[in-house]
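See structure below.
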Amino acid sequence: MTSLNLLSELPRILAALFLVVVAAAISRWQHLDLEKQMLVAVVRAFIQLTLIGYALNIIFAADNPAAILLILAVMTSIASYTSGKRGQGTPHAMRVAGLAITFGAALTLGLLVGLRVFTFTAQQIIPIAGMVIGNSMNVCSLVMRRMHEEIKARQLQIETALALGATRQQAVRPHLKTALQSGMMPIVDSTKTVGLIQLPGAMTGMILAGASPLQAVQLQMIVMYMLIGAAALTGLAASWLSYRQFFTANHQLVEA
Amino acid sequence: MPSPRFDITHFSLSRHGVPVLADVSFYVDPGEIVCLLGPSGGGKSSLLRCLNRLTEPPPQTIFLDDQDVTEMDVLALRRRVGMVFQQVALFPGTVADNVAYGPGLQAESLPPEEVSRLLALADLSAELAGRDSQELSGGQAQRVALARALATGPAAMLLDEPTSALDPAATRNVESTMLKLRQSLGLTVLWVTHAPEQARRVADRVYLLVDGRIVDEGTPEHLFRPGSQHLTAVFAAGELGEHES
């Protein structure tokens with residue numbers, strides 16, 4: 001392992017920071033009041049990234065499976081909490097988000113390791129898990145929110161279906177489909193246009209680090225497929241779990 | 001299926017801790033049209049929703065042929081007791097798709113002649129079957145909703161202000177359709193309305209529900225006869241319940 005030496009890149013970091021200083025100066029001059037927010041963001045980014053850099057350095061060096069699992073658990077918890085906050089219109093939103101994200105992320109990561117796409121080492125799993133869990137979190141929030149909106153807006157249709165003898169699942173199906181499709185739309189669209197509009201992060205990073213574009217493209221394919229898979233699994237679980245919060249076991253719609 | 005009898009006994013209901021209905025008891029005989037009349041916001045619809053358990057009633061308060069509805073299979077109950085709402089929600093697709101919805105839930109397909117028969121029951125032309133459900137007039141839409149409710153072969157119908165969004169002509173048409181249906185199918189009907197004239201035209205018996213209690217009951221002839229001092233006549237004259245929205 002190379003030891004982390006932040007100072008080696010310091011001139012380049014400062015050069016990048018110079019741009020921020022210019023922008024802040026303009027903001028100050030024009031009384032736009034952006035500079036305080038920018039200062040906070042810059043300082044936070046410096047502290048957070050430095051800490052995570054050192055932490056990852058230690059974790060990669062140790063490469064202890066228990067430590068990896070612990071980190072995955074922490075990442076999932078933060079994602080679940082964030083997503084649960086977003087989906088507060090749904091009863092038991094935290095639990096729904098936690099289960100959906102854990103399900104989507106665990107299944108995806110398990111498959112990737114099981115099929116030997118990645119090895120269960122800190123260096124491979126932690127960055128991959130970050131992408132998977134982050135994406136699952138976004139999809140989960142979108143699906144939960146849309147599910148709630150749909151059920152609220154379609155109360156009459158849903159109760160009409162129930163009155164005709166539909167189960168809660170039958171009554172909610174068209175609305176569940178809408179919620180799921182709208183939650184999946186960003187990731188599906190970005191997968192469709194990948195490479196045409198912008199080069200995604202993983203690929204950009206590899207190319208900047210000196211890898212050949214063909215190598216970078218291959219990794220990016222794996223990443224996109226993995227993210228779309230994880231998004232679908234999480235979205236399915238989120239829609240399934242969240243619609244049930246709005247119904248009783250007797251196929252009655254609870255006020256949304 | 002023989003038409004059933006409804007018994008509602010000592011039914012009380014609160015919404016968000018506020019009592020809506022207090023100790024309401026009444027019955028609907030097989031094949032009878034009973035109107036639950038009263039000012040809007042008086043809890044009539046809330047009660048109606050309990051009869052097919054769109055809202056769960058307290059146990060031992062609502063009986064269908066002496067059987068507590070809370071002990072029945074809820075989906076079978078809803079197929080046996082159809083419901084038509086004040087606001088019609090037709091599903092996307094054709095009129096035929098809508099009529100076939102209920103049987104479709106049971107993985108049964110409805111042959112075209114059966115769709116035509118159900119449309120005819122609701123006084124609609126068979127030619128309407130292929131029409132887009134979103135291209136209907138209010139009266140047509142309500143009739144499609146009626147045909148759709150009849151498709152599951154119910155023995156009783158719950159009507160929740162089915163004509164309050166319709167113009168007078170369409171209202172009369174739906175009323176005459178319902179009267180015909182009761183005749184031909186022998187349906188037991190509980191009809192919620194805020195319009196005394198409607199109760200007078202369609203009901204065999206009327207219950208007047210004001211402030212969560214049944215305050216008057218009887219046949220229309222009795223309640224609305226000239227010079228009647230019945231509260232129903234007072235309500236019809238617009239002198240009762242005007243404080244409600």
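Side chains are part of it too, since the values below use all heavy atoms of this structure and drop only hydrogens, waters and symmetry mates. Just so it is clear: chains get the letters A, B, ... in the order the sequence lines come, proteins before strands, and each one is counted from 1.
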Kindly compute the distance separating [atom1] ([X]) from [atom2] ([Y]), expressed to the nearest 0.5 Å.
| X | Y | atom1 | atom2 | value |
| --- | --- | --- | --- | --- |
| B:Gln106 | A:Leu164 | CD | CG | 11.0 Å |
| B:Leu54 | A:Asn250 | CG | CG | 11.5 Å |
| B:Arg49 | A:Leu162 | CZ | CG | 9.5 Å |
| B:Arg53 | A:Gln252 | CZ | CD | 6.0 Å |
| B:Gln87 | A:Gln157 | CD | CD | 10.0 Å |
| B:Phe85 | A:Leu156 | CZ | CG | 6.5 Å |

Give a yes or no on whether [X] atom [atom1] has more than 12 heavy-atom contacts from other residues, nucleotides or ligands under 6.0 Å away.
| X | atom1 | answer |
| --- | --- | --- |
| A:Arg168 | CZ | yes |
| A:Gln37 | CD | no |
| B:Arg5 | CZ | yes |
| B:Asp73 | CG | yes |
| B:Lys180 | NZ | yes |

- [ ] Could you please spell out the steps behind the side chain to side chain contact (heavy atoms under 4.5 Å, CB included) verdict for B:Met83 and A:Glu159?
- [x] CA-CA 10 Å; B:Met83 187 167 190; A:Glu159 291 209 308; over 6 Å; no
TODO: Answer yes or no: is there a side-chain heavy-atom contact under 4.5 Å between A:Thr160 and B:Tyr101?
DONE: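 When only atoms from C-beta onward are counted, B:Tyr101 and A:Thr160 do not touch, as no gap falls below 4.5 Å.
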Task: Which portion of A:Thr248 sits near chain B, non-hydrogen atoms under 4.5 angstrom - done: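 Looking at A:Thr248, nothing touches chain B.
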Task: Residue pair B:Leu75 / A:His251: nearest heavy atoms and the distance that separates them - done: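 Where B:Leu75 meets A:His251 most closely, the heavy atoms are CD2-CD2, 3.8 Å.
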Open item on the list: Using every non-hydrogen atom in the two residues, find where A:Ala161 and B:Leu105 come nearest and quote the distance to one decimal.
Closed with: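 Shortest heavy-atom contact: O-CD1, 4.5 Å.
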